[in-house]
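Labels below follow one simple rule: chain letters A, B, ... track the order of the sequence lines, proteins then strands, and each chain is numbered from 1.
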Amino acid sequence: MPPSFRAPRGTRDLLPDEHAAFARLERIARELASRYGYHEMQTPIFEQAAVFERGIGAATDVVEKELFRVTPSRGEEREAWALRPEATAGICRAYVEHGMQTWPQPVRVTVTGPMFRYDRPQAGRYRQFWQWDVEAIGDPGPAVDAEIVELGARFYRDAGLADVELLLNSIGDPACRPAYLADLVAHYRANEAHLPELERRRLETNPLRLLDSKDPVMAEVNAGAPLITDRLCPACAAHFAAVRAHLDAMGVAYRLEPGLVRGLDYYTRTAFEFYRRGAEGQQQALGGGGRYDGLIQLLGGKPTPGIGFALGLDRVVLALASAGASRPANAAPVAVVVGADPGDTQGRLRIATELRGAGLPVRADLAVRKLGRQLEAAVREGAQFAVILGDELAAGEVQLRDLDGGSQKSVPLADLPALLRRKVRG
RNA sequence: GUGGCCUUAGCUCAAUCGGUAGAGCAUCGGAUUGUGGCUCCGAAGGUUGCGGGUUCAAGCCCCGUAGGCCACCCCA
């Protein structure tokens, strides 16, 4: 007996039924992107690890513990590579590498594909997961901020998720964040005696995170904490106000969430996340994004502003299922070619091939089984018609049977393609 | 990475006190020779996740391990 294999931990097979749900979302995303003027591109699944370390931030969890590192076992390359944990860093690397600053700005691009993070799997949290990523690079905003947020919100609506809530915040920039951070740390230091062990450690590594702590004892301490939105410098405050005004003008609903911070270092100013209403427990965001005005420079380019978001396709599929949405089905053939003579697979395949050559989605029953079984399979597959081969074939005719209604008529083989073409659903 | 629950056929699940595994669905075949979703009959499908241990005997008890799920953490 060979050993039994299984998909690596945290990965899964998208079998045809489930893949149909993903394909539908990708179709919606692709159509929206093109309607909004974002062009599809692809970056490598792996990059120099430094692209993520420099771009995302070496001290973030995503890089520190969740990066999937790749080491070639042979060859001259001594490069340290890593599977991409998100798309933005790679896109910005490509922006710099290919001199996209010479293109008309902003450069509007989108990437869809698998991302990788080495953390402990859970429902909706995989080591390989799919994202739809949208970026506008080279526009300081604020109008483009609102445009891209609205695009994200529209995706969920078009996908069929009505109860998605948009959380919005501004996290300042290098002009105002350091002073705010100092104030924040000072506030927590003053209350250090009340802080749980975990939060005390986070105070050293990532003080912003304390703000959205789930620990109930933190509620009181957080109530008195300074808010970033009260400490924004004039430029950031004006930017944030303008983003909100643009959203209001488009009628996009959002909730201001001063505790919203994003996990990656590169974010500045606008930050937003999408959650299912009632599931905002900071767990399982459906998507999120923000402005990253310092990232391009970090990756070796000239100072260039940018903004984008990423959506978790896996999580949207999950949310759709739990909302009771019906799954899209994979396409059924218009017709299945069956035959009275079980052994005549040549005849069935030949006719099916002719029909396929005429552009029709047709399956031939290639199993050696009696006609009844062939028809049964065709019906269960959802085919509209059965093309039945019998003795009439000698006269150049076949039986065309309507599998929904049950009516059947003899038609000349030559007329079949035109006849079926008129019957193709949709 | 921490804690907890779970794992029996492709899927959903049974199996009394520990006595060497069964059903439904799905698959394939048959029900007098060229006609379907129903029905009936039959077949195939398992080292009970994997590895040890206890026992005359383990799906069941014990240990380890892998995977899934839940909470934390983190994020999409």
- [ ] Could you tell me whether the phosphate oxygens of rG30(B), OP1 or OP2, come under 4.0 Å of any side-chain nitrogen or oxygen in K370(A)?
- [x]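 Answer is no, no contact under 4.0 Å.
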Open item on the list: Using a 3.5 Å distance criterion without hydrogens, assess whether the side chain of N191(A) forms a donor-acceptor pair with backbone atoms of H187(A).
Closed with: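 Here the side-chain-to-backbone pair exists.
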- [ ] May I ask you to decide if R369(A)'s main-chain N or O and Q374(A)'s side chain share a donor-acceptor pair within less than 3.5 Å?
- [x]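 Confirmed, Q374(A) side chain pairs with R369(A) backbone.
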Rounding to an integer number of Å, can you tell me how far [X] [atom1] sits from [N] [atom2]?
| X | N | atom1 | atom2 | result |
| --- | --- | --- | --- | --- |
| K65(A) | rC72(B) | NZ | C1' | 11 Å |
| K409(A) | rG34(B) | NZ | P | 25 Å |
| R127(A) | rA76(B) | CZ | C1' | 16 Å |
| R117(A) | rC74(B) | CZ | C1' | 9 Å |
| L375(A) | rU35(B) | CG | P | 9 Å |
| Y267(A) | rA76(B) | OH | C1' | 10 Å |
| D119(A) | rC74(B) | CG | P | 12 Å |
| F385(A) | rU35(B) | CZ | P | 21 Å |

Roughly how far apart, to the nearest Å, are [N] and [M] at atom [atom1]?
| N | M | atom1 | value |
| --- | --- | --- | --- |
| rA57(B) | rG19(B) | P | 14 Å |
| rU55(B) | rC63(B) | C1' | 16 Å |
| rA43(B) | rU48(B) | P | 22 Å |
| rG46(B) | rC5(B) | P | 32 Å |
| rU8(B) | rC50(B) | C1' | 14 Å |
| rG49(B) | rG68(B) | C1' | 11 Å |
| rA9(B) | rC56(B) | C1' | 30 Å |
| rG45(B) | rG10(B) | P | 11 Å |

Task: Distance-only polar pair, side chains of T110(A) and R30(A), donor-acceptor under 3.5 Å - done: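 Side-chain D/A pair, T110(A) to R30(A): absent.
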Open item on the list: Less than 3.5 Å apart, any donor N or O on the side chain of E31(A) or Y36(A) sitting next to an acceptor on the other?
Closed with: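 No, no side-chain donor-acceptor contact under 3.5 Å.
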Polar pairs (N or O, both sides) under 3.5 Å between protein and nucleotides 37-41 of chain B?
residue, atom, partner, partner atom, Å
rG37(B), O6, L403(A), O, 3.2

With a 4.0 Å cut-off on heavy atoms, is [X] in touch with a base, just the backbone sugar-phosphate, or nothing at all?
| X | value |
| --- | --- |
| Y126(A) | base |
| G289(A) | nothing |
| E392(A) | base |
| G406(A) | base |
| L371(A) | base |
| Q408(A) | base |
| L286(A) | sugar-phosphate |

Task: All side chain to side chain contact (heavy atoms under 4.5 Å, CB included) counterparts of F46(A), not counting sequence neighbours - done: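 Result, side chain to side chain contact (heavy atoms under 4.5 Å, CB included) vs F46(A): W81(A), L83(A).
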- [ ] List for me each residue that meets side chain to side chain contact (heavy atoms under 4.5 Å, CB included) alongside L14(A), sequence neighbours excluded, and say none if there are none.
- [x]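 Per chain and number, L14(A) pairs via side chain to side chain contact (heavy atoms under 4.5 Å, CB included) with R12(A), E18(A), H19(A), F22(A), W130(A).
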Task: Partner set under ring pair (Phe, Tyr, Trp, His ring centres under 6.0 Å) for Y266(A), not counting sequence neighbours - done: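 Y292(A).
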Open item on the list: Suppose we screen for ring pair (Phe, Tyr, Trp, His ring centres under 6.0 Å). Which residues come up paired with Y118(A), at least two apart in sequence or across chains?
Closed with: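 Y118(A): ring pair (Phe, Tyr, Trp, His ring centres under 6.0 Å) contacts with F68(A).
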Check: residues 405-414 of chain A side-chain donor-acceptor pairs under 3.5 Å, at least two apart:
residue, atom, partner, partner atom, Å
Q408(A), OE1, R401(A), NH1, 2.6
Q408(A), NE2, Q399(A), OE1, 3.1
S410(A), OG, E397(A), OE1, 2.8

Considering only side-chain heavy atoms of [X], which listed nucleotide, [options], is closest?
| X | options | answer |
| --- | --- | --- |
| R120(A) | rC74(B), rU35(B), rG3(B) | rG3(B) |
| R6(A) | rG67(B), rC74(B), rU35(B) | rG67(B) |
| D391(A) | rA76(B), rC69(B), rG34(B) | rG34(B) |
| R125(A) | rG34(B), rA76(B), rC70(B) | rA76(B) |
| Q122(A) | rC74(B), rA76(B), rA71(B) | rA71(B) |

Task: Nucleic acid contacts of residues 21-43 of chain A, taken as heavy-atom distances under 4.0 Å to RNA chain B - done: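 Here the set is empty: none.
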- [ ] Using side-chain hydrogen bond (donor to acceptor under 3.5 Å, both in side chains) as the criterion, list what pairs up with T229(A), not counting sequence neighbours.
- [x]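 T229(A): no side-chain hydrogen bond (donor to acceptor under 3.5 Å, both in side chains) contacts found.
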Open item on the list: Checking Y156(A) now: which residues fulfil side-chain hydrogen bond (donor to acceptor under 3.5 Å, both in side chains) with it, not counting sequence neighbours?
Closed with: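 Here no residue qualifies.
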TODO: Please determine if R291(A) and D145(A) form a salt bridge, counting it only when a charged side-chain N lies under 4.0 Å from a carboxylate O.
DONE: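 D145(A) and R291(A): salt-bridged.
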Considering only heavy atoms and no angle criterion, is a donor-acceptor pair shorter than 3.5 Å present between the side chain of [X] and the base of [N]?
| X | N | answer |
| --- | --- | --- |
| R369(A) | rG30(B) | no |
| Q374(A) | rU35(B) | no |
| R9(A) | rG68(B) | no |

Task: 5′-ward residue of the pair G312(A)/V368(A) relative to RNA chain B - done: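 Nearest-nucleotide comparison on RNA chain B picks V368(A).
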TODO: Name the residue closer to the 5' end of RNA chain B, choosing between Q131(A) and G390(A) according to the nucleotide with the nearest heavy atom.
DONE: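 Whichever sits nearer the 5' end wins; that is G390(A).
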Task: Non-neighbouring partners of D173(A) that pass salt bridge (charged side-chain N to carboxylate O under 4.0 Å, His left out), sequence neighbours left out - done: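 Scan of D173(A) (salt bridge (charged side-chain N to carboxylate O under 4.0 Å, His left out), adjacent residues dropped) gives R269(A).
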- [ ] Kindly write out the residues that satisfy salt bridge (charged side-chain N to carboxylate O under 4.0 Å, His left out) with E97(A), not counting sequence neighbours, or none if the list is empty.
- [x]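 For E97(A) the salt bridge (charged side-chain N to carboxylate O under 4.0 Å, His left out) partners, ignoring immediate neighbours, are R93(A).
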Open item on the list: Counting Watson-Crick and G-U wobble pairs with both distances under 3.5 Å, what is the dot-bracket string for RNA chain B, 5' to 3', using [ ] for crossing pairs and | for pairs to another strand?
Closed with: (((((((..((((.....[..)))).(((((.......))))).....(((((..]....))))))))))))....
- [ ] Taking the six-membered ring of F240(A) (Phe, Tyr or Trp), confirm whether the NZ or CZ of R244(A) is under 6.0 Å from its centre and within 45° of its axis.
- [x]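 Geometry flag: set, cation within 6.0 Å and 45°.
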